[in-house]
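These notes are about the structure you will find just below.
Both counts, for ligands and for their atoms, begin at 1 and track the order of listing. What you see below is based on every heavy atom in this structure, not just the backbone, and it leaves out hydrogens, waters and symmetry mates. Treat the numbers as computed from the prediction; the structure is a model and nothing was measured.
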Amino acid sequence: MDQNQLKKETALAALEYIKPNTIVGVGTGSTVNFFIDGLAELDFEIKGAVSSSEASTQRMQDLGIKVFDLNEVNETIPVYVDGADESDAGLNLIKGGGGALTREKIVAACCDQFVCIADESKLVDTLGKFPLPIEVIPMAQALVARKLEAMGGQPKLREGFTTDNGNIILDIHDLQITNPLEMEKEINDIAGVVTTGIFAINAADILLLGTQKGVKKILPA
Ligand code: 5RP
């Protein structure tokens, strides 16, 4: 199976976590797109979804899925389903390859359970081989870049990209993220950082990992 088929199989496995008559938290990316397509074909009704990006909102609306404004939802959202760029065995993640990290973190924080869907290439021993995305207020670009250099990283501006929130992304190369929780807090404390793509404070609860031998369910080590 190629990587796209693994992503699809994994995304469809996440549909098992969706219960009738609930609102679903929906992430962003190519794996999530397969999940959205599956949501539209469920043989039971859901109330709708809350979305982590304009792209996912558009895809869901095109398929007839109602998308709620997060601020209008006053009920429990049982499940958030999203992809990742990397996961370690503790289900700490790097996210933001698609630039939606801030909204993803907000929606994830509103949901009871975070089901991460990824193909087997995303599971790593130590986070950081994938350049860490950080959403930054534009006027703080140089300040944040200097601070990340001091932490041992090599920041690169994501050229020609603006987030749904009107900000820039710095992709930080060459970081060895051995303590994701501490590094998430440290980076989030830098003035001008909106958020970092490390998801450790709210790590995934379940990782569905697409492998050549089927979809494996992995719980935090
Ligand atoms: C977007 C993300 C995505 O979940 C991550 O980049 C994985 O994407 P894909 O499913 O396309 O491999 O964090 O901001």
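In the model, Glu135 has a side-chain atom that pairs as donor or acceptor with a side-chain atom of Thr102 under 3.5 Å. There is a side-chain donor-acceptor pair under 3.5 Å between Lys7 and Ser30. Judged purely by distance below 3.5 Å, without hydrogens or angles, the side chains of Gln113 and Asp205 never pair a donor atom with an acceptor atom. For the residue pair Glu120/Thr211, the side-chain donor-acceptor check at 3.5 Å is not satisfied.
Here is the list of ligand 1 atoms found below 4.0 Å of a heavy atom in Gly97: 6 (O), 13 (O), 14 (O). Of all the atoms in ligand 1, the ones that sit under 4.0 Å from a non-hydrogen atom of Gly29 are 11 (O). In summary, the atoms of ligand 1 found under 4.0 Å from a heavy atom of Gly83, numbered by their order in the structure, are 4 (O). Close contacts between ligand 1 and Ala100 involve ligand atoms 14 (O) [criterion: under 4.0 Å to a heavy atom]. Interface atoms of ligand 1 facing Gly99, defined by a heavy-atom separation under 4.0 Å, are 14 (O). When each atom of ligand 1 is checked for a heavy atom of Gly98 under 4.0 Å away, the hits are 1 (C), 6 (O), 14 (O). Of all atoms in ligand 1, numbered sequentially from 1 with element shown, those under 4.0 Å from a heavy atom of Lys95 are 2 (C), 3 (C), 4 (O), 13 (O). Close contacts of ligand 1 with Lys7, meaning ligand atoms under 4.0 Å from a residue heavy atom, involve 9 (P), 11 (O), 12 (O).
For Lys47 and Phe68, the positive end is not near the middle of the six-membered ring at less than 6.0 Å and at most 45° from its axis. Taking the ring centre of Tyr17 as origin, the terminal cationic atom of Lys19 falls outside the region bounded by 6.0 Å and 45° from the ring axis.
Atom 10 (O) of ligand 1 has Thr31 OG1, 2.6 Å as its closest protein atom, hydrogens excluded (heavy atom only). Residue, atom and distance of the protein heavy atom nearest to atom 3 (C) of ligand 1 are Thr28 O, 3.2 Å. Ranking the protein heavy atoms by distance from atom 12 (O) of ligand 1 puts Lys122 NZ, 2.8 Å first. Ranking protein heavy atoms by distance to atom 5 (C) of ligand 1, first place goes to Asp85 OD1, 3.2 Å.
Ligand 1 has an N or O atom lying under 3.5 Å from an N or O atom of Gly96, backbone or side chain. Looking at Val32 next to ligand 1, no N or O pair under 3.5 Å apart turns up.
One option in Glu104, Glu135, Glu86 has a heavy atom closer to atom 1 (C) of ligand 1 than any other, and that option is Glu104. Among Ser53, Ser52, Ser30, the residue whose heavy atom sits closest to atom 11 (O) of ligand 1 is Ser30. The option with the heavy atom closest to atom 7 (C) of ligand 1, from among Ser56, Gly27, Ala84, is Ala84.
Distance alone, capped at 3.5 Å, is enough to place a donor-acceptor pair between the Gln212 side chain and the Met1 backbone.
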Test Leu39 against Ile46 for side chain to side chain contact (heavy atoms under 4.5 Å, CB included), laying out the working first. CA-CA 9 Å; Leu39 263 189; Ile46 56 167; 4.0 Å; yes

Going through the distances and angles, do Phe161 and Ile168 end up as a side chain to side chain contact (heavy atoms under 4.5 Å, CB included)? CA-CA 7 Å; Phe161 185 86; Ile168 58 169; over 6 Å; no

Please test Asp171 against Arg158 for salt bridge (Lys or Arg N to Asp or Glu O under 4.0 Å), starting from the C-alpha separation and ending with a verdict. CA-CA 7 Å; Asp171 290 305; Arg158 198 176 292 184; 2.8 Å; yes

Walk me through it: do Ser56 and Ile36 pass the test side chain to side chain contact (heavy atoms under 4.5 Å, CB included)? CA-CA 8 Å; Ser56 289; Ile36 292 172; 3.9 Å; yes

